[in-house]
Amino acid sequence: MAKGKKFGFLSKLVPDASLLFWRVITIVISIITLIIIVQSAWNIILSKREINRLTRLQESYRRQIAADSAILHSLQYDEYLEQYARERYNMQRENEQVYKIE
């Protein structure tokens with residue numbers, strides 16, 4: 001069988017049809033590889049954003065825990081406990097009038 005007869009009409013367009021086949025395969029594989037690389041890069045960017053957001057949230061929680069721990073430590077003393085209850089929950093002693101000024 002002569003060279004080029006194998007692919008019929010394609011042999012008239014391209015002298016070596018097997019070369020065209022390998023070029024097409026190479027282009028398809030290159031495109032698929034490029035798509036995978038872009039998708040992976042995008043996932044990395046999104047993951048880094050999420051990590052940064054969670055790190056900021058973690059730091060916010062740590063500050064809140066530190067503040068709550070300080071208040072909890074102070075509430076162990078009766079004087080501060082009474083002051084805290086009066087200010088926060090508007091509590092008062094019997095026969096005492098409280099005027100709240102804002």
Side-chain angles (χ1 to χ4, degrees):
M1 199 171 205
K3 186 176 180 182
K5 297 271 184 185
K6 204 184 325 185
F7 296 101
F9 75 94
L10 195 57
S11 64
K12 293 176 186 174
L13 297 175
V14 178
D16 191 4
S18 67
L19 181 63
L20 175 66
F21 171 77
W22 289 112
R23 285 182 182 168
V24 169
I25 292 296
T26 303
I27 290 171
V28 168
I29 290 174
S30 299
I31 290 173
I32 291 171
T33 304
L34 186 64
I35 289 171
I36 291 171
I37 290 171
V38 168
Q39 185 179 13
S40 296
W42 182 250
N43 286 338
I44 289 170
I45 291 170
L46 291 179
S47 295
K48 284 187 178 186
R49 285 183 183 172
E50 183 69 11
I51 288 170
N52 289 336
R53 184 187 71 81
L54 291 173
T55 303
R56 288 191 307 271
L57 189 61
Q58 181 184 27
E59 188 57 36
S60 154
Y61 287 146
R62 285 187 182 179
R63 284 192 302 269
Q64 185 65 38
I65 288 171
D68 290 345
S69 295
I71 290 173
L72 184 61
H73 181 69
S74 299
L75 287 175
Q76 292 176 355
Y77 304 106
D78 290 338
E79 300 86 27
Y80 186 75
L81 181 61
E82 181 181 348
Q83 177 187 352
Y84 186 81
R86 286 172 170 262
E87 291 175 0
R88 184 89 178 215
Y89 300 110
N90 299 321
M91 297 181 83
Q92 61 188 15
R93 292 184 181 140
E94 290 183 28
N95 300 325
E96 181 181 53
Q97 291 186 353
V98 176
Y99 299 101
K100 190 171 183 181
I101 300 173
E102 293 184 22

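Put simply, CD1 on Ile51 and CZ on Arg53 are 11.5 Å apart, with the number rounded to the nearest 0.5 Å. Atom CD1 of Ile65 is separated from atom CD of Gln58 by 9.5 Å, given to the nearest 0.5 angstrom.
For the side chain to side chain contact (heavy atoms under 4.5 Å, CB included) criterion with Ile31, the lone passing option out of Ile27, Val28, Thr33 is Ile27.
Applying the side-chain hydrogen bond (donor to acceptor under 3.5 Å, both in side chains) rule to Tyr77 yields no partners; only residues at least two apart in sequence or on another chain are considered.
Across every non-hydrogen atom of Tyr84 and Ile71, the tightest pair is CE1-CG2, 4.2 Å.
Summarising the local packing, CZ of Arg86 is surrounded by more than 12 heavy atoms from other residues, nucleotides or ligands at distances under 6.0 Å.
Using modelled atom types, one finds a donor on one side chain and an acceptor on the other under 3.5 Å when comparing Gln83 with Glu87.
Both Tyr89 and Leu75 belong to a common hydrophobic cluster when Ile, Leu, Val, Met, Phe, Trp and Tyr are linked at side-chain heavy-atom distances under 4.5 angstrom.
The salt bridge (Lys or Arg N to Asp or Glu O under 4.0 Å) contacts involving residues 58-73 comprise nothing, where partners must be two or more places apart or lie in separate chains.
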Ignoring hydrogens and angles, write down the donor-acceptor pairs under 3.5 Å from the side chains of residues 35-48, residues two or more places apart or on other chains.
residue	atom	partner	partner atom	Å
Ser40	OG	Ile36	O	3.0
Asn43	ND2	Gln39	O	3.4
Ser47	OG	Asn43	O	2.9

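Glu82 has its side chain out of reach of Glu79: every pair of non-hydrogen atoms, C-beta onward, lies at least 4.5 Å apart.
Of the possible polar contacts, none joining the Ser60 side chain to the Arg56 backbone as a donor-acceptor pair under 3.5 Å is found.
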